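Letters go in sequence order (proteins before strands), and every chain restarts at 1. These numbers were taken from a predicted model, which means no experiment stands behind them.
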Number of protein chains: 2
Amino acid sequence: MRENRTRFILLGMLELGPSHGYGLRQRIDESVGQFWQESWGQLYPTLRSLLSEGLIEEVEPGEEGTDMPRGRQSRVYCITDAGRAALAEWLAGDATPSVKRDELLLRTFFAHNGDPASLRRNIEASRDRVRLALARVEASQRMIAASETYLDRLDWWAMTARHGELQLRAHLQWCDEALALLDGGGER
Amino acid sequence: MRENRTRFILLGMLELGPSHGYGLRQRIDESVGQFWQESWGQLYPTLRSLLSEGLIEEVEPGEEGTDMPRGRQSRVYCITDAGRAALAEWLAGDATPSVKRDELLLRTFFAHNGDPASLRRNIEASRDRVRLALARVEASQRMIAASETYLDRLDWWAMTARHGELQLRAHLQWCDEALALLDGGGER
DNA sequence: CGACACATGTAAATGGTTACATGATTTT
DNA sequence: AAAATCATGTAACCATTTACATGTGTCG
């Protein structure tokens with residue numbers, strides 16, 4: 001929490017090419033959506049402050065376009081050298097360890113106080129969500145493998161996808177084990 | 001975010017036996033600390049509001065003591081029937097899917113803009129933290145296996161520990177793969 | 001006697017989501 | 001003509017952390 005990472009996601013996404021607020025959020029969802037997300041309430045104000053700090057600048061829509069808006073009213077931004085420097089500086093620093101919060105595990109821990117059917121429902125819902133997420137990760141892995149652009153970034157991107165794959169598979173295995181336990185001795 | 005889970009953790013922990021603020025935080029750290037944590041700024045005010053809602057009540061220190069304070073000034077709480085009902089009601093509902101935020105992966109995704117040595121340092125730091133966490137999980141698994149109390153809760157507790165084990169092992173494997181990639185073709 | 005763990009709280013700041021408000025363009 | 005998507009933003013609210021403030025008991 002102590003550092004505002006939204007700034008650096010936006011800088012990193014703009015480093016891939018100029019875009020506008022709405023388009024940046026799409027990029028975020030498609031690329032790092034499995035392990036990060038941004039809301040409008042964060043995105044637009046942060047774009048403004050990056051602009052006022054000179055880390056990004058506004059360009060005319062239509063210029064050298066990588067990701068131009070289809071509608072009319074929109075503001076297209078581009079990263080500046082100062083922005084690139086700020087991004088590099090952030091990357092040179094230490095990551096703050098991620099705070100883990102897992103409500104499903106909390107419910108599992110306290111399951112004694114509720115009924116097994118509710119826990120089962122929640123685990124099944126989680127399993128279904130994670131199966132979808134795994135399908136998305138696998139799709140993204142195929143896209144990375146087939147990509148002919150951004151070649152010098154693909155190794156890193158594949159690494160993040162691989163993390164998702166391992167993490168999600170581990171969770172699926174847990175769901176299976178947990179549901180088996182609920183089926184077996186769980187009723188007592 | 002929409003639901004204040006702190007309330008239910010405190011209720012769940014008090015269901016194990018009466019305790020005081022400081023002791024509750026210790027219980028939380030020792031039991032669900034791998035996937036949940038509470039700060040003082042959340043804990044004490046929440047205890048107050050649970051008290052005013054009648055979900056917990058204050059008892060004299062020294063009564064039927066499971067977890068009594070060693071120092072002097074302290075307030076010991078006990079869950080009420082209303083509190084047990086509130087906990088059960090929460091458990092009957094649906095879990096809100098956990099929001100995932102992983103700064104290490106963000107740094108990996110944008111690694112192209114920084115230097116490989118910094119990424120390596122961050123991955124190694126994460127691996128070291130996770131090794132420690134895994135050791136704690138394994139210790140907690142041994143404690144659960146050897147426990148002769150709370151028998152009807154042990155299955156659930158073991159399940160949460162198993163989740164930690166699977167998740168942390170998956171992360172360790174990723175760290176190894178990522179470091180190998182950094183050693184190998186990573187320099188180009 | 002100094003450091004550290006025990007113990008309880010409050011206040012301010014931050015980070016983040018959600019709902020609101022508005023309107024254009026595309027698709028059905 | 002309606003619905004969905006594209007597009008930009010603001011305001012209110014909520015959750016959470018961090019720093020502050022205070023004091024006791026224990027151990028070396």
Side-chain angles (χ1 to χ4, degrees), chain A residues 1-10 13 18-30 32-33 35-52 56 58-59 61-62 65 67-77 96-103 106, chain B residues 1-10 13 18-30 32-33 35-52 56 58-59 61-62 65 67-77 96-103 106:
Chain A
M1 305 262 168
R2 66 177 84 39
E3 249 184 272
N4 185 357
R5 277 84 48 112
T6 304
R7 298 162 53 78
F8 303 109
I9 298 180
L10 292 179
M13 289 298 163
S19 189
H20 52 110
Y22 195 90
L24 284 169
R25 192 179 167 185
Q26 287 183 150
R27 266 189 210 175
I28 291 168
D29 283 346
E30 288 160 15
V32 298
F35 52 86
W36 206 278
Q37 55 275 303
E38 291 297 340
S39 58
W40 303 120
Q42 289 276 95
L43 199 146
Y44 282 112
T46 304
L47 276 177
R48 286 216 149 184
S49 69
L50 289 174
L51 195 60
S52 76
I56 63 176
E58 203 168 351
V59 296
D67 191 13
M68 291 305 131
R70 283 204 279 264
R72 289 270 176 70
Q73 75 248 48
S74 81
R75 309 176 63 174
V76 177
Y77 304 94
T96 62
S98 63
V99 178
K100 279 178 188 166
R101 288 238 155 107
D102 196 321
E103 189 180 320
L106 218 50
Chain B
M1 305 262 168
R2 63 176 88 40
E3 248 183 273
N4 186 357
R5 277 84 49 109
T6 304
R7 299 162 53 78
F8 303 109
I9 298 181
L10 292 179
M13 289 299 162
S19 189
H20 52 111
Y22 194 90
L24 284 169
R25 195 182 167 184
Q26 287 183 150
R27 265 188 210 175
I28 291 169
D29 283 347
E30 287 160 15
V32 298
F35 52 86
W36 207 279
Q37 56 274 303
E38 291 297 341
S39 57
W40 302 120
Q42 289 275 94
L43 199 145
Y44 284 111
T46 304
L47 275 177
R48 288 215 147 184
S49 70
L50 288 174
L51 194 62
S52 76
I56 64 176
E58 203 167 351
V59 296
D67 192 14
M68 291 304 133
R70 283 204 277 266
R72 289 270 176 70
Q73 76 247 49
S74 82
R75 309 175 64 173
V76 177
Y77 303 95
T96 63
S98 63
V99 178
K100 278 178 188 166
R101 287 238 156 106
D102 195 322
E103 189 179 320
L106 218 50

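- Remark: C1' of D/dA15 and CH2 of B/Trp40 are 18 Å apart, rounded to the nearest angstrom.
- Judged by distance alone, the side chain of A/Gln37 and the main-chain N or O of A/Ile28 form no donor-acceptor pair under 3.5 Å.
- The phosphate of C/dT8 (OP1 or OP2) has no side-chain N or O of B/Tyr22 nearer than 4.0 angstrom.
- Within 4.0 Å (heavy atoms only), A/Gly41 reaches at least one base atom of the nucleic acid.
- Summarising the geometry, the separation between OH on B/Tyr44 and C1' on D/dG23 is reported as 13 Å, rounded to the nearest angstrom.
- Note that the CG atom of B/Asp102 and the CZ atom of A/Arg5 stand 10.0 Å from one another [nearest 0.5 Å].
- Distance OG1/A/Thr96 to CZ/B/Arg101: 11.5 Å, rounded to 0.5 Å.
- The side-chain heavy atoms of A/Leu51 and A/Arg75, taken from C-beta on, include a pair separated by under 4.5 Å.
- For the side chain to side chain contact (heavy atoms under 4.5 Å, CB included) test with A/Asp29, the passing option among A/Arg25, A/Arg27, A/Gln26 is A/Arg25; the others fail.
- Atom CH2 of B/Trp36 is separated from atom P of D/dA15 by 11 Å (rounded to the nearest Å).
- At D/dA15, none of the side-chain N or O atoms of B/Arg5 fall inside 4.0 Å of OP1 or OP2 (strictly under the cut-off).
- C/dA11 atom P lies 16 Å from atom CD of B/Gln42, rounded to whole Å.
- Counting to the nearest Å, the P atom of C/dT10 and the CG atom of B/Leu47 are 11 Å from each other.
- Rounded to whole angstrom, the span from the CD atom of B/Gln37 across to the C1' atom of D/dT16 amounts to 11 Å.
- Comparing D/dT16, C/dT10, D/dT8 by their nearest atom to the side chain of A/His20 picks out D/dT8.
- Across the protein-nucleic acid pair, A/Glu58 atom CD and D/dA7 atom P stand 15 Å apart, rounded to whole Å.
- Across the protein-nucleic acid pair, B/Glu38 atom CD and D/dT16 atom P stand 7 Å apart, rounded to whole Å.
- Proximity of B/Arg25 to the phosphate of C/dC6: no side-chain N or O atom is located under 4.0 Å from OP1 or OP2.
- Residue B/Arg101 is classed as a sugar-phosphate contact, given heavy-atom separations below 4.0 Å to backbone atoms only.
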